[in-house]
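Below you'll find the structure, written out as structure tokens, and then a few comments.
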There are 4 protein chains.
Amino acid sequence: MQSRSPASRAGRPRSTAADAAILAATREALVELGWSRLTLGDVAIRAGVAKTTLYRRWAGKNELVVDAVAELFDELTLPDRGSLAEDIEGVVLQFAAILARPEARSGLMAVVAEATRDDALRERIRASIVERQKRLVLAGRARAQARGELPSEPDAREAARTVDLIFDMVAGAVVHRTLVSAEPADEEWVHGFTRVLLSGLAAAPDRGDREAP
Amino acid sequence: MQSRSPASRAGRPRSTAADAAILAATREALVELGWSRLTLGDVAIRAGVAKTTLYRRWAGKNELVVDAVAELFDELTLPDRGSLAEDIEGVVLQFAAILARPEARSGLMAVVAEATRDDALRERIRASIVERQKRLVLAGRARAQARGELPSEPDAREAARTVDLIFDMVAGAVVHRTLVSAEPADEEWVHGFTRVLLSGLAAAPDRGDREAP
Amino acid sequence: MQSRSPASRAGRPRSTAADAAILAATREALVELGWSRLTLGDVAIRAGVAKTTLYRRWAGKNELVVDAVAELFDELTLPDRGSLAEDIEGVVLQFAAILARPEARSGLMAVVAEATRDDALRERIRASIVERQKRLVLAGRARAQARGELPSEPDAREAARTVDLIFDMVAGAVVHRTLVSAEPADEEWVHGFTRVLLSGLAAAPDRGDREAP
Amino acid sequence: MQSRSPASRAGRPRSTAADAAILAATREALVELGWSRLTLGDVAIRAGVAKTTLYRRWAGKNELVVDAVAELFDELTLPDRGSLAEDIEGVVLQFAAILARPEARSGLMAVVAEATRDDALRERIRASIVERQKRLVLAGRARAQARGELPSEPDAREAARTVDLIFDMVAGAVVHRTLVSAEPADEEWVHGFTRVLLSGLAAAPDRGDREAP
DNA sequence: TAGTAAACGAGACGGTACGTCAGGTCTTTTT
DNA sequence: AAAAAGACCTGACGTACCGTCTCGTTTACTA
């Protein structure tokens, strides 16, 4: 590898501390103010940074909040609780715990709402948050197959479709429960939900056939 | 500008038409502009109404959009397709069709996001949209019980819990599929999803006991 | 007269007090801050008015300052001191006194500087300030002619040219003395200047001939 | 060869070309943009120089423009046309020609305006521009005295006062004619003005006495 | 001829003001 | 009495320049 990093160009380098400070300040402001009352000027003040510095790095409020919220989901892990059902319960509980935090609730839903009219933003959300966490579904299935709880997937395309379905069902249900129904996604609820999900998946194996009984 | 009835001539009989005109203008603006770019001044112009009139009837942007969006969901019906599974598929498809419309996507998610910090708004959403559509789940179960597809529920409280779960799973999955994964909730997907949901519910009967074998 | 004034249309009328408050605040800010540090936001605050109100009435800083400064020169009068020379001295002293005020100094020169690149602004200055005060020269000459100190002008075009020359010489000399040389235009200086000016005008009557001895 | 300046110690010497390039770029920008739209960043780019270099040599916009404009007036000379009146006409015409150039108009008036609130800047203007050109008045009088057109001055203080008055009258009238009245200071006007000025000076000899008959 | 110290280009930085825009409120005239 | 019209205050927007501050890179004098 060359000693000359291609990124080190002339001029004063960007402050590495600023990025972290700005994202942290964004989350803090989301907690206190929510999405609509959050202003970039206020974030800049909280981060001890000039507004121009903020605009130099992010195109706007949406992009900033996506990045600030995406970091929250990196703390998700797949616990080894011994069985697929219990592993999944563990992840879902972690996910629910994150969504219980105000910065996640306000931020995530607001950018999703904005993304309905902004394809670039939606892609950013998918890449930064959704695709990044599909690792959990994949790891869970691999572990279950190793345990013999699930058969190996012969059809890769069908397998990917199932991953997507699982993700939509898990994320969707928890989000709806938490944000729309405004009820806590506590252990009892997660237990019931997981049982239905896994029973359904076991009973209805992925077959492309529409009309099978 | 909307083509209004010629009643807007003299005197003061405008009130009745104004509500509908404003809500329609709101949906039109949601389609064209999305939530964040929608302005009340613009809605007033589209509706052929003064801003004052608008503020006399709604407290602000959130309340107006909730009402504008809520009307969209009233067209949901429970079709009689002969079996529980197919009835549910029909409703889910209708729901997906509504969420495919831009005014529903932008408007609904935005007010949900705002509601994370505004209890009154969340309650308004719950009452106007969510609770109002639970009728579909109830009607579906009643019809299935009449058909003998489902046993009658002895425990009312447990039954209500199941209704909530179903609603969270259905609405959540469709919303996530549509808005976050940005994939169409088409017939094939709805079929697969419904099969998993119903299989799961059948295999995992609602028992409050967490630790029962 | 009709009761329906053509200017009184629908809607809330503009506040008449705001104009005066804004112009006074502008002069106050000119005194304290000078032209370059004067900001329209600050003027708005001083006037107890929103920035938008200010922008609704003036196109920018230049136009505002022209109007604010123009008012200062309306207090000039032609005193009757008994002779042409002494009348002129009186006016020049008044003019010097106005230019000694900071709001006039900073404001006037700055807009003149800007006007070098803005024909509309220059025309505004000419109309609002220069032409408006030529009344003094005209009144002075009329009174002198009435007294028999000056002969009547047979050639109107030549007379106008002389008025312009007098105005350029008087205003130019006082401004240069005050602002560039930074010396006071006090009674002694004004006396000397007036004597030279009047002697020159008397000795060199306006004749279009270039080569006359 | 110049004597070794004590300040020239170690290190890279300042680029001599940069000064000239910056001043030329400043005048170019004044022509194109005028004072208020001229920015130091733009001047730096035009001069092919970093902003830092510019700030290392001038304290700010005002100082830079004073220096850039001052150079323009160094080209003034006292022509020998045979008589005092015609010599003066020649100088005044040169002066008017310089003021007809946009970089002089915008730049000079703007710094004069700024100087109304900045004594250091005013002193810089006086030293760099005004006092430097008084040489023309002095040279003109000396030549006229040699020709016998003017008597020698016995009172040095009174003589200085007359020089100041002439300078204020000449510079002031030309500036006002050019910038405020926005009329050209052409040969005809300069001829008329010079005649009035010289007649006045001849008829009203400098006597300190205010009330003497 | 090798150091070294200042000048240099590049560009990020904390600020301040800009001119615009939307949210709501208030005050008129019109119907 | 309601509605249209539009002026008003508030506050955020995203941009432009300011003048300062690192950086890495010349460049000429000095040791």
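Note that these values count all heavy atoms, side chains included, but never hydrogens, waters or copies made by symmetry. Per chain, numbering begins at 1; letters A, B, ... match sequence-line order. Just so it is clear, the structure is predicted and the values come from calculations on it, not from any experiment.
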Just call it for L38(B): base, sugar-phosphate, or nothing, with non-hydrogen atoms closer than 4.0 Å on any strand.
sugar-phosphate
Residues from residues 15-30 of chain C sitting under 4.0 Å of DNA chain F, heavy atoms only?
S15(C)
Look only at the side chain of R122(A) and the backbone of V112(A), and say whether a donor-acceptor pair between them is shorter than 3.5 Å.
no
Nearest-nucleotide check on DNA chain E, R14(A) vs D42(B); residue mapping nearer the 5' end is R14(A)
If you round to the nearest 0.5 Å, how far is CZ of R124(D) from CD of E63(D)?
5.5 Å
What heavy-atom pair brings A47(B) and A21(B) nearest, and what distance separates the two atoms?
CB-O, 3.8 Å
In this structure, CH2 of W35(A) is separated from CD of E114(A) (nearest 0.5 Å) by 5.5 Å
Would you name the heavy atoms of L38(D) and T26(D) that are closest together and state the gap between them?
CD1-O, 3.8 Å
Salt-bridge contact E32(D)-R37(D) (side-chain N to carboxylate O under 4.0 Å):
no
Starting from P on dT25(E), measure out to CG on L40(B) and report it in whole angstrom.
11 Å
Comparing R37(A) and P13(A) on DNA chain F - which has the more 5′ nearest nucleotide:
R37(A)
Without decimals, in angstroms, what is the distance between L33(A) CG and dA12(F) C1'?
13 Å
Residues touching DNA chain F, which here means a heavy atom under 4.0 Å, drawn from residues 46-69 of chain A
K51(A), T52(A), Y55(A)
Ignoring hydrogens and angles, answer whether the base of dC21(F) and the side-chain atoms of R12(A) contain a donor-acceptor pair closer than 3.5 Å.
yes
Identify the heavy atoms of D19(B) and W58(B) that sit nearest to each other, and give their distance.
OD1-CH2, 3.3 Å
For the side chain of T39(B), starting at C-beta, report the closest nucleotide among dC17(F), dG23(E), dT26(F).
dG23(E)
Heavy-atom nearest pair, A18(B) first then V49(B), reads CB-CG2, 4.4 Å
Working to the nearest 0.5 Å, report the span between CD of E103(D) and CG of L108(D).
11.5 Å
Within this structure, what is the CD1-to-P distance between I45(C) and dT16(E), rounded to whole angstrom?
13 Å
